[in-house]
Amino acid sequence: MKGSCAATLGRLGIRPVERRRESTWEKYYAVIRRIPRGRVATYGQVARMAGRPRHARQVGYALYTLPQGSKLPWHRVVNATGGLSVGRVVPGGDLAQRFRLEREGVAFGLNGRIALKRYGWGQSSARRRR
DNA sequence: GCAATGACGCTCT
DNA sequence: CAGAGCGCCATTG
């Protein structure tokens with residue numbers, strides 16, 4: 001893929017202003033886009049896969065500036081505790097995320113957290129029950 | 001350029 | 001296992 005980056009970002013609804021830092025967050029978006037359906041990844045995991053360990057916060061920043069019309073599966077990104085931190089900036093956003101994940105087959109624990117050991121991206125995939 | 005903020009992670013209590 | 005504190009680093013004001 002060559003200049004498809006700009007086209008892809010345009011498809012995602014990224015504005016010119018965000019294009020400037022695309023080189024920085026592009027990797028995060030690419031990784032998130034690679035997250036398989038019915039699986040979740042932590043911010044640190046995404047940052048690590050993007051080749052930027054310890055940048056978990058910046059991943060959250062990237063999603064923070066993410067437009068609503070983006071087709072990015074942001075709902076598959078959770079924190080290390082398997083909880084949802086979206087509600088910090090989007091009231092009820094965590095609820096929507098939870099609903100989306102449950103619809104994909106991701107189950108939540110009684111404490112409202114996801115069993116990353118089972119649904120974590122790169123974990124024992126063969127262990128997941130139908 | 002400096003100071004404050006933040007959709008986080010790890011460690012200690 | 002749950003809660004609080006400190007650290008990391010890029011974006012924003």
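Salt bridge A:Arg39/A:Glu104: absent, no basic N to carboxylate O contact under 4.0 Å.
Counting only heavy atoms from C-beta on, A:Ala80 has its side chain closest to B:dC10 among C:dA2, B:dA7, B:dC10. Side-chain atoms of A:Trp74 lie closest to B:dA7 of the nucleotides C:dT11, C:dC1, B:dA7. Candidate nucleotides B:dG9, B:dG6, B:dA7 were compared by shortest atom distance to the side chain of A:Thr42, and B:dG9 ranks first. Of the candidates B:dG9, B:dA7, C:dA10, the closest approach to any side-chain atom of A:Asn79 belongs to B:dG9. The side chain of A:Leu63 lies closest to B:dA7 when the candidates are B:dA7, C:dC8, C:dA10. Taking only side-chain atoms of A:Tyr61, from C-beta outward, the nucleotide of B:dA7, B:dG6, B:dG9 with the closest atom is B:dG6.
Heavy atoms of A:Arg113 sit under 4.0 angstrom from primed sugar atoms or phosphate atoms, though from no base atom. Contact annotation for A:Val89: backbone-only contact, meaning every heavy-atom pair under 4.0 Å involves sugar-phosphate atoms and none involves a base.
Side-chain nitrogen and oxygen atoms of A:Arg88 include at least one within less than 4.0 Å of the OP1 or OP2 phosphate oxygen of B:dC8.
Separating the OH atom of A:Tyr28 from the C1' atom of B:dG6 is a distance of 14 Å, rounded to the nearest angstrom. Look at CG on A:Leu101: it is 19 Å from P on B:dA7, rounded to the nearest Å. Rounded to an integer number of Å, the gap from CG of A:Leu72 to C1' of B:dA7 is 13 Å. To the nearest angstrom, P of C:dT11 lies 15 Å from CG of A:Leu66. A:Arg52 has its CZ atom 20 Å from the P atom of B:dC8, to the nearest Å. Rounded to an integer number of Å, the gap from NE2 of A:His55 to C1' of C:dA10 is 8 Å. Between the CD1 atom of A:Ile35 and the C1' atom of B:dA7 there is a distance of 13 Å, given to the nearest Å. Between A:Tyr64 atom OH and B:dC8 atom P there is a gap of 12 Å when expressed in whole angstrom units.
No donor-acceptor contact under 3.5 Å links the side chain of A:Arg57 to the base of C:dC9.
Atom CZ of residue A:Phe99 and atom CG of residue A:Asp94 lie 14.0 Å apart, to the nearest 0.5 angstrom. We find the OH-NE2 distance between A:Tyr28 and A:His55 to be 5.5 Å, quoted to the nearest 0.5 Å.
At least one donor-acceptor pair closer than 3.5 Å links the side chain of A:Gln97 to the backbone N or O of A:His75.
Exactly one of A:Thr42, A:Val40, A:Leu63, A:Val86 qualifies for a side chain to side chain contact (heavy atoms under 4.5 Å, CB included) with A:Val77. That residue is A:Leu63.
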